Amino acid sequence: MTKRDLITFITLSCMWSLSFIFYRVGVPEFGSLSFASLRVVFAGFTMLIFVLFNTKNRRGIRENLKTLALVGLFSAAIPFVLFSFSAQSVNAGVLAVLNASVPMMSGFIASTFFNDKLAKKQILGLVIGVIGVVILMSESLFGGQSAELGISSGLLPMGYALFACVGYAVGANITRNYLDDISPIAITSGSLIIASVVMLPIAVVEFPYGKSISLFAWVSVVCIGVFSTAIALIFMNQLIKSIGPMRATSITLVIPIFAIILGYWLLGEALDLLAIIGSVVILIGTYLSLNLSLTMFRKKTI
């Protein structure tokens, strides 16, 4: 992992953490399913610009259309819809822990189907990272979820979230193993444009017609589509090609840290001791799972 990869990793963590802020602002006015579908549609429109002005990207999309369709469905359309359903009845702490399972799923798929073996240090790091997420989100994780939901009604929404995580893991492995010959921009453009075509009818049907939508809500849905989806996925696809699907998706361990920090700075949310302890544990786990070495920070880039 190079210094550039690490900077991209941290930048991407911040960009995706901002999506939690955008959700907090936009979902109450648009509704979860409408917001999720509009997110994909705006992301697709954004990437369409990259396609229109670059012949190489268009050629790469045409030559890999079927594979890109799979990536768009597994990495965007299906997970966003499943998470929108899940978020209606599963609290943020549970969703964060479930989302932290993505790198484990990615590692399992990579080692089982693509012979991309994980070091023991990386597996240990993933386990430590998930424990850190549990600590970080413990208040909302154990804050009365079981009292509000029955076992059957709670398991189904959590199942939606787990299937969404499987989608992310599958999409990352497809990108690494079958789309190595085209650029991250072409991968993102093709997959999101296809996903936006799928999601457009949902956006039209689910839009809250007759309801007054504030400017802040519109800004939130545009920003999450342009910055936290389109631009962010360019960075993510670059990471997948550079460091592999397991290490790239371990970003899901770090996102809750940035989300809590941004919530503290921008929304005035509480920052308690458990959040600090959990963040430290996550950082240790991420350090191990990324297979980082302190010597890499002392080496000069040639």
Side-chain angles (χ1 to χ4, degrees), residues 8-9 12-13 15-20 23 32 36-37 39-40 43-44 67-87 90 92 94-114 116 118 122 126 129-130 133 157-179 184 187-188 190-192 194-196 198-199 224-225 228-256 258-259 282 286 289-290:
T8 302
F9 187 93
L12 184 56
S13 300
M15 292 178 70
W16 267 342
S17 300
L18 280 171
S19 65
F20 289 92
Y23 263 106
S32 56
S37 55
R39 173 186 184 177
V40 179
T67 307
L68 288 170
L70 289 176
V71 173
L73 291 174
F74 282 117
S75 296
I78 294 175
F80 290 167
V81 171
L82 289 175
F83 266 119
S84 70
F85 282 123
S86 183
V90 179
V94 175
L95 287 178
V97 173
L98 294 175
N99 199 40
S101 68
V102 174
M104 288 188 173
M105 294 178 181
S106 296
F108 174 78
I109 293 172
S111 60
T112 303
F113 298 101
F114 300 105
D116 187 3
L118 303 180
Q122 292 175 291
L126 291 176
V130 172
V133 174
M158 285 189 282
Y160 291 152
L162 278 176
F163 275 115
C165 294
V166 172
Y168 287 140
V170 171
N173 276 279
I174 292 174
T175 298
R176 174 61 184 267
N177 292 281
Y178 296 107
L179 294 172
I187 295 171
T188 306
S191 60
L192 283 180
I194 293 170
S196 66
V198 174
M199 297 297 287
I224 199 174
S228 296
T229 305
I231 306 302
L233 280 177
I234 294 175
F235 289 150
M236 184 61 177
N237 286 320
Q238 177 61 52
L239 273 181
I240 291 171
K241 291 166 76 71
S242 179
I243 65 176
M246 190 284 293
R247 290 203 287 174
T249 55
S250 63
I251 198 170
T252 58
L253 301 175
V254 184
I255 288 174
F258 283 89
I282 290 172
T286 304
S289 66
L290 291 177

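Note: hydrogens, waters and symmetry copies are ignored here, and every other heavy atom, side chains too, is used. Note that the structure is a prediction, hence the values are computed from the model and not measured.
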*Does the pair Val166 and Phe74 meet the rule for a side-chain contact (heavy atoms from CB on, under 4.5 Å), with working shown?*
CA-CA 8 Å; Val166 172; Phe74 282 117; over 6 Å; no
*When rounded to the nearest 0.5 angstrom, what is the spacing between CD1 in Ile234 and CG in Leu192?*
8.5 Å
*Hey, could you give me the CZ/CZ distance between Arg39 and Phe80, rounded to the nearest 0.5 Å?*
3.5 Å
*asked:* For Ser32 versus Ser84, what's the shortest heavy-atom pair and its separation?
replied: OG-O, 3.5 Å
*asked:* On a heavy-atom basis, which atom in Gly129 and which in Leu253 lie closest, and how many Å separate them?
replied: C-CD2, 3.8 Å
*List the steps and the verdict of side-chain contact (heavy atoms from CB on, under 4.5 Å) for Leu126 and Met246.*
CA-CA 9 Å; Leu126 291 176; Met246 190 284 293; 3.6 Å; yes
*Do Tyr168 and Asn99 have side-chain heavy atoms sitting under 4.5 Å apart?*
yes
_Any donor-acceptor N or O pair under 3.5 Å, side chains Asn237, Thr188_ = yes
_side-chain contact (heavy atoms from CB on, under 4.5 Å), that's the test. Do Ser13 and Phe9 meet it? Break it down for me._
CA-CA 6 Å; Ser13 300; Phe9 187 93; 4.1 Å; yes
*asked:* Just to verify, which of Pro245, Pro79, Ser250, Cys165 counts as forming a side chain to side chain contact (heavy atoms under 4.5 Å, CB included) with Val102?
replied: Cys165
*Answer yes or no: is there a side-chain heavy-atom contact under 4.5 Å between Val130 and Ser101?*
no
*Return yes if some donor-acceptor pair links the side-chain N/O of Ser242 with the main-chain N/O of Leu239 below 3.5 Å, else return no.*
no
_Quick one: does any side-chain atom of Ser228 pair with a main-chain N or O of Met15 as donor and acceptor, under 3.5 Å?_
yes
*asked:* Treating Trp16 as the side-chain partner and Ala232 as the backbone partner, does any N or O pair qualify as donor plus acceptor under 3.5 Å?
replied: no
_Check whether Arg176 reaches the backbone of Ala172 with its side chain - one donor and one acceptor, N or O, closer than 3.5 Å._
no
*Just wondering, are more than 12 heavy atoms of other shown residues or ligands nearer than 6.0 Å to CZ in Phe114?*
yes
*For the side chain of Ser111 and the backbone of Phe108, is there at least one donor-acceptor N/O pair under 3.5 Å apart?*
yes
*Once you round to the nearest 0.5 Å, how far does CE of Met199 lie from CD1 of Ile78?*
10.0 Å
*Got a second to check how far Met236's CE is from Ile251's CD1, nearest 0.5 Å?*
6.0 Å
*Using the side-chain contact (heavy atoms from CB on, under 4.5 Å) rule, take Phe83 and Tyr23 through it: C-alpha gap first, then chi angles, then the decisive distance, then the call.*
CA-CA 12 Å; Phe83 266 119; Tyr23 263 106; 6.0 Å; no
*Atom CG of Asn173 and atom OG of Ser75: how far apart are they, to the nearest 0.5 Å?*
10.0 Å
*Rounded to the nearest 0.5 Å, what separation is found between the CD1 atom of Ile240 and the CD1 atom of Ile187?*
8.0 Å
_Ala164 versus Leu82, closest heavy-atom pair with distance_ = N-CD1, 3.7 Å
